[in-house]
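Input: a single structure, listed below in structure tokens.
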Amino acid sequence: MVTVMMRLMSGVQQPGCILAFRFLALVLWDVPVAWALNNGLAMTPTMGWLHWERFMCNIDCKEEPDSCISEKLFMQMADLMDSDGWKKVGYEYLCIDDCWMAAQRDSKGRLQADPIRFPSGIRHLANYVHSKGLKLGIYADVGKKTCAGYPGSFGYYDIDAKTFASWGVDLLKFDGCYCDSVEQLADGYKHMSLALNKTGRSIVYSCEWPLYMWPFRKPNYTEIREYCNHWRNSGDIYDSWQSVKSILDWTSSNQKTIVSVAGPGGWNDPDMLVIGNFGLSWDQQITQMALWAIMAAPLLMSNDLRHISPQAKALLQNKDVIAINQDPLGKQGYLLRKEDNIEVWERPLSNLAWAVAMVNLQEIGGPRSYTINIASLGQGIACNPACHITKLLPVKKKLGYYGWTSRLKTRINPTGTVLLQLVSQTT
């Protein structure tokens, strides 16, 4: 990540100097990151729905027919993604996670869906999802078994890639359980990437490669980006504030390693959005949405769209926040500073705009006031010489016109976040 420093000269900056500096900053921010997987996909972070956190490996369709992993569940979610505005704002991938498979491959060595829970097969489900204008994601594992014990893809990478393509699958989440070595893990992820591309079908490739590599050695993110469209770095998210907070802590602690490698075609994946479930307060749901936008994270909801509050739905469908997440410049944001349990995150956006999130990590007391120098934001260029600032979360409000030497004061609820957008004014 390139750091651009600016020193305030005596008097007012001359327009020519300002424009020259801003041009330099734009050029520096446009320095290309490592080569991405050359499949033309995920040019902005993937958006959709994934079953795991909310529905896990529930295969008991007799006792729990409405929440078991079955074609019925995915068809219902497809209907709602189409009818309730999710597709319209960008959530287009409906993703199956673990536990969809039969216990054995078929006589030709191909994976097959559980015949009781998916009686029509995955091809039929893909056709149904496509008929709604959506795309279907599926799950497999690089090792001998999936994490839940179903057949893994080790030794079957080419067969499985051809099978997924023949079914009309549009995304593969490839897990990393039951590998014998980190070499086998890396080779498997590479092999499946190449196998998917050979099919000729456009299939987003979601990896968990670095997650399984970290306990043994520091991952080579340049290499991972060459093979994957997004990649998980940390453990599974839970429906809890502690889980969300731990992911943010991991991301900020490792940002020097991971931030610069993210960009169009390849993204760091902090795991699913759990907004609309049970474990997060309203302010904590705002924090997750705001920070996932700042981190340029895939927005893969894991919730029950049949039973989601209007408030949670409005947050997940907030077009202003989604626009930050999907910003075409494709630069991941980062933690700028932390002081007295307040974190300030920022992200460069296209057209020299910036997004800024201020998070109150204190879990005792009430709302806290926080004042920040405008000149410290956006690497010193966001508001030079001035900018318009809009608060997007928790409630949208135009805050007005701020000069470079101004100070901004705001109040932040415990475990909540204030998300700002700074739009520069060059004259």
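Keep in mind the model is a prediction, meaning the values are calculated, not measured.
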Checklist outcome for this item: Which of Glu346, Gln255, Lys256, Arg347 passes side-chain hydrogen bond (donor to acceptor under 3.5 Å, both in side chains) with Tyr334? Answer is Glu346
With a 3.5 Å distance limit and no angle check, can you tell me whether [X] reaches the backbone of [Y] through a side-chain donor-acceptor pair?
| X | Y | answer |
| --- | --- | --- |
| Asn360 | Ile412 | yes |
| Glu53 | Met301 | no |
| Ser240 | Gly279 | no |
| Tyr370 | Leu408 | no |
| Gln184 | Asp180 | yes |
| Arg123 | Ser166 | yes |
| Asn373 | Ala375 | no |
| Thr287 | Asp283 | yes |
| Arg225 | His230 | no |
| Asp340 | Ile342 | no |

Quick one about [Y] and [X] (side-chain donor to acceptor, distance below 3.5 Å, no hydrogens or angles considered), yes or no?
| X | Y | result |
| --- | --- | --- |
| Arg54 | Ser302 | no |
| Gln421 | Thr390 | no |
| Asn268 | Asn233 | yes |
| Trp282 | Asn413 | no |

Quick one: closest heavy-atom pair of [X] and [Y], and the distance?
| X | Y | result |
| --- | --- | --- |
| Glu343 | Asp249 | OE2-OD1, 4.3 Å |
| Gln317 | Asp84 | NE2-O, 3.0 Å |
| Leu392 | Asp320 | CD2-CB, 3.9 Å |
| Gly176 | Leu185 | O-CD1, 3.9 Å |
| Ala382 | Leu422 | CB-CD2, 4.0 Å |
| Ala357 | Leu291 | CB-CD2, 4.1 Å |

Checklist entry - Which pairs, with at least one residue in residues 171-220 and sequence neighbours excluded, count as a ring-ring contact (aromatic ring centres under 6.0 Å, His included)? => result Tyr157-His191, Phe174-Tyr189, Tyr189-Trp209, Trp214-Trp250
Checklist entry - Does anything in residues 296-333 pair up under ring-ring contact (aromatic ring centres under 6.0 Å, His included), and if so which pairs, sequence neighbours excluded? => result none
Checklist entry - Should the pair Lys173 and Tyr139 be classed as cation-pi, given the thresholds of under 6.0 Å to the six-membered ring centre and 45° from the axis? => result no
Checklist entry - Is it the case that Arg201 places NZ or CZ above or below the six-membered ring of Phe164, under 6.0 angstrom from the centre and within 45 degrees of the axis? => result no
Checklist entry - NZ of Lys313: more than 12 outside heavy atoms within 6.0 angstrom? => result yes
Checklist entry - Is there side-chain contact between Met101 and Pro151, with at least one heavy-atom pair below 4.5 Å? => result yes
Electrostatic pair [X]-[Y], nearest N-O below 4.0 angstrom:
| X | Y | answer |
| --- | --- | --- |
| Asp304 | Arg306 | yes |
| Asp269 | Arg232 | no |
| Lys190 | Glu226 | no |
| Asp82 | Lys88 | no |
| Lys245 | Glu363 | yes |

Item to check | Cys95: partners by disulfide bond (SG atoms under 2.5 Å apart), with sequence neighbours left out | outcome: none
Item to check | Partners passing disulfide bond (SG atoms under 2.5 Å apart) against Cys177 (at least two apart in sequence or in another chain) | outcome: Cys147
Checklist entry - In chain order, what residues pass the side chain to side chain donor-acceptor pair (under 3.5 Å) check against Gln362, with sequence neighbours excluded? => result none
Item to check | Test side chain to side chain donor-acceptor pair (under 3.5 Å) applied to Trp267 - qualifying residues, sequence neighbours left out | outcome: none
Item to check | Sole residue of Phe118, Tyr128, Trp100 in side-chain contact (heavy atoms from CB on, under 4.5 Å) with Phe74 | outcome: Phe118
Next on the checklist: Show, in sequence, the C-alpha distance, side-chain angles and deciding distance for Val142 and Asp175, and conclude whether the side chain to side chain contact (heavy atoms under 4.5 Å, CB included) test is met.
Outcome noted: CA-CA 6 Å; Val142 70; Asp175 215 335; over 6 Å; no
